[in-house]
Amino acid sequence: MKMISNFFASKTAPGIALCIAAIMALIAANSPLSEYYAGFKNIPVVFQAGEFVIDKPLLLWINDGLMAIFFLVVGMEIKRELIEGHLSSPSKAILPALAALGGMVAPAIIYAFINWHDPVTVRGWAIPAATDIAFALGIILLFGNLVPNGLKVCLVAIAIIDDLLAVIIIALFYTAHISIYSLILAGIGLMIAALMGRYKVAAVGPYVVVGLFIWACVLKSGVHATLAGAALGLLIPVEAANRKSPLKDMEHALHPWVAFLIIPTFAFANAGISFKGITLETFLEPITLGIMLGLFFGKQVGIMAVTALVYKLKICPLPAGVSWGQFYGMALLTGIGFTMSLFIGTLAFTDISFAMPVRLGVMSGSLLSIIAGISVLLLATKKPRQTSLSADSENISVGCH
């Protein structure tokens, strides 16, 4: 039992759980279990209260419902970092902010260039722009004190800003037909949540009730329901009455569920690729090639080019104790798109025929990034450093001094 509790307490455990879920999905999709795997994703789930009905297959409940909780935690993490964390001042935020922006623009350009001829496939331009923070951080934490803590903190900051930009992209570019009535109701719910935050309501229960109302309204509005989670997360106060922190309480309570249930469940439901009929030509299809090259080349090129520019212009130095080789290894790891890229892929293409090339591109690009990132970090690391292993240390500067 102690070994199990130690595993779940480790910082690498979420990445390992995610990897296991993805492997299980691949086995299920390429074995006699494939029919059961497909049937599992298509189980009809219905919720009805009077005339209000939500009727979706299990896969969409996972993608629209469970992932809204994930984005709620993302929103809370972003707010906490902006208020008192690694992004709480311009000097800390400028390098990861600019690096994250470069790491999103370059992959999108590569994908759009490859798919520019097709107005349908070009919709996937944002798929390779995302980073899976759990997977990337899990891998870099495996190096322990072989890499400086500033590198881990920088990766966390870049990934958090990456998530914020992903939320904005989803809101602006992957929204279906709009129901004004539902949006008005969602807006009323958000105003109530904002007032609760303004008056520092400490109890978690009211935020949960209002959050469910907002989620249901956003789901019916045509805007993707996960945005309800992100918006609510940004409105929950860090500090409230009696020195309580509803944001930290909710984040602490939800984090294990997100790390060990929600994200692995999403990965299991979306990562299953059937290898039947896959050839070299399959990897050269525009969607697959655009995602794979965007994740592997676009991420590293975008982050390193922007970082080199701000360093050359003396706007920012590298994080304390970090070499260029180590920073490059970290930039490679941001090419692990995995769950975030798969999620955006489900928004970009609702036609099931696009699922296989999207998944193949995400998995291959992420795998190349993992192999290259680990290899570069091993080459760039010579000896252990006497630094804290915590990726949450507030004492390490992420950006400028």
Side-chain angles (χ1 to χ4, degrees), residues 18-19 21-38 41-42 59 63 103-132 135-136 173-174 266-302 332-376:
L18 189 57
C19 186
I23 292 171
M24 290 175 60
L26 291 172
I27 292 173
N30 293 277
S31 70
L33 298 172
S34 59
E35 290 186 10
Y36 298 100
Y37 178 65
K41 294 189 291 184
N42 290 311
L59 177 63
N63 292 353
M104 295 196 82
V105 171
I109 291 174
I110 289 175
Y111 180 94
F113 177 78
I114 294 173
N115 288 271
W116 198 255
H117 64 284
D118 190 332
V120 175
T121 63
V122 78
R123 277 182 51 81
W125 61 269
I127 298 173
T131 295
D132 187 319
F135 222 136
F173 299 102
Y174 296 115
F266 174 85
F268 177 74
N270 289 274
I273 304 172
S274 174
F275 297 131
K276 185 178 180 180
I278 292 180
T279 63
L280 179 60
E281 287 73 20
T282 309
F283 286 91
L284 298 179
E285 290 184 11
I287 292 178
T288 303
L289 188 64
I291 296 172
M292 180 173 61
L293 296 183
L295 284 172
F296 182 61
F297 288 110
K299 278 291 186 180
Q300 58 172 299
V301 169
L332 283 164
L333 291 181
T334 64
I336 306 173
F338 202 46
T339 51
M340 282 298 292
S341 292
L342 288 172
F343 177 71
I344 294 177
T346 64
L347 304 183
F349 302 115
T350 55
D351 189 335
I352 193 66
S353 64
F354 292 112
M356 195 277 285
V358 167
R359 293 172 185 170
L360 186 60
V362 170
M363 300 290 278
S364 55
S366 298
L367 182 60
L368 287 173
S369 298
I370 292 170
I371 295 171
I374 291 175
S375 301
V376 170

**Study point:** Heavy-atom closest contact (Ala267 atom, Leu18 atom, distance)
**Key:** CB-CD1, 3.6 Å
Review point. Between atom CD1 of Ile336 and atom CG of Leu367, what is the distance when rounded to the nearest 0.5 Å?
Key: 9.5 Å
Revision key, fill the gap. Tested for side-chain contact (heavy atoms from CB on, under 4.5 Å) against Phe296, the lone hit among Ile291, Ile371, Leu368 is Leu368
Practice item. Please round to the nearest 0.5 Å and tell me the distance separating atom CG of Asn63 and atom OG1 of Thr346. Key: 5.0 Å
Check your understanding: If you draw a 6.0 Å radius around CZ in Phe275, do more than 12 non-hydrogen atoms from other residues or ligands fall strictly inside?
Key -> yes
Exercise for review: Report the distance from atom CD1 of Ile27 to atom OH of Tyr37, rounding to the nearest 0.5 Å.
Suggested key: 11.5 Å
Review point. Are the side chain of Lys299 and the backbone of Ala129 linked by a donor-acceptor contact shorter than 3.5 Å?
Key: yes
**Study point:** side chain to side chain contact (heavy atoms under 4.5 Å, CB included) between Phe173 and Leu347, intermediate numbers included
**Key:** CA-CA 10 Å; Phe173 299 102; Leu347 304 183; over 6 Å; no
Check your understanding: Which atom pair, heavy atoms only, marks the closest approach of Ala130 to Ile344?
Key -> CB-CD1, 4.0 Å
Check your understanding: What are the two closest heavy atoms between Tyr111 and Gly124, and how far apart are they?
Key -> CE2-C, 3.3 Å
Exercise for review: For side chain to side chain contact (heavy atoms under 4.5 Å, CB included), just list the numbers for Leu360 and Phe283, CA-CA rounded to whole Å, side-chain angles, deciding distance to a tenth of an Å, and then say yes or no.
Suggested key: CA-CA 8 Å; Leu360 186 60; Phe283 286 91; 3.8 Å; yes
Exercise for review: Without swapping roles, check the side chain of Arg359 against the backbone of Asn270 for a donor-acceptor pair under 3.5 Å.
Suggested key: yes
Study note, to complete from the structure: Correct closest heavy-atom pair for Ala29 and Ser34 would be O-CB, 3.9 Å
Check your understanding: Does the side chain to side chain contact (heavy atoms under 4.5 Å, CB included) test come out yes or no for Met292 and Met363, once each step is laid out?
Key -> CA-CA 8 Å; Met292 180 173 61; Met363 300 290 278; over 6 Å; no
Practice item. Decide yes or no on side chain to side chain contact (heavy atoms under 4.5 Å, CB included) for Leu333 and Phe135, but give the supporting numbers first. Key: CA-CA 9 Å; Leu333 291 181; Phe135 222 136; over 6 Å; no
Review point. At their closest point, which heavy atom of Pro128 faces which heavy atom of Gly290, and how far apart are they?
Key: CG-O, 4.3 Å
Point to revise | For the student: nearest non-hydrogen atoms of Phe349 and Val120, plus distance | key: CE2-O, 3.3 Å
Review point. In Å and rounded to the nearest 0.5 Å, what is the CZ to OG1 distance from Phe354 to Thr121?
Key: 7.0 Å
Check your understanding: Roughly how far, to the nearest 0.5 Å, is CE of Met104 from OG1 of Thr334?
Key -> 11.0 Å
Check your understanding: Got a donor-acceptor contact below 3.5 angstrom from the Thr288 side chain to the Pro357 backbone?
Key -> yes
Check your understanding: Less than 4.5 Å apart, any side-chain heavy atom of Ile114 and any of Ile110?
Key -> yes
Exercise for review: First locate atom CG of Asn115, then atom CD of Glu285, and finally report the distance between them rounded to the nearest 0.5 Å.
Suggested key: 10.5 Å
**Study point:** Side-chain donor or acceptor of Asn30 paired with backbone N/O of Ile273 under 3.5 Å
**Key:** yes
Review point. Do you know which of Leu295, Asp132, Thr131 makes side-chain contact (heavy atoms from CB on, under 4.5 Å) with Ser341?
Key: Leu295
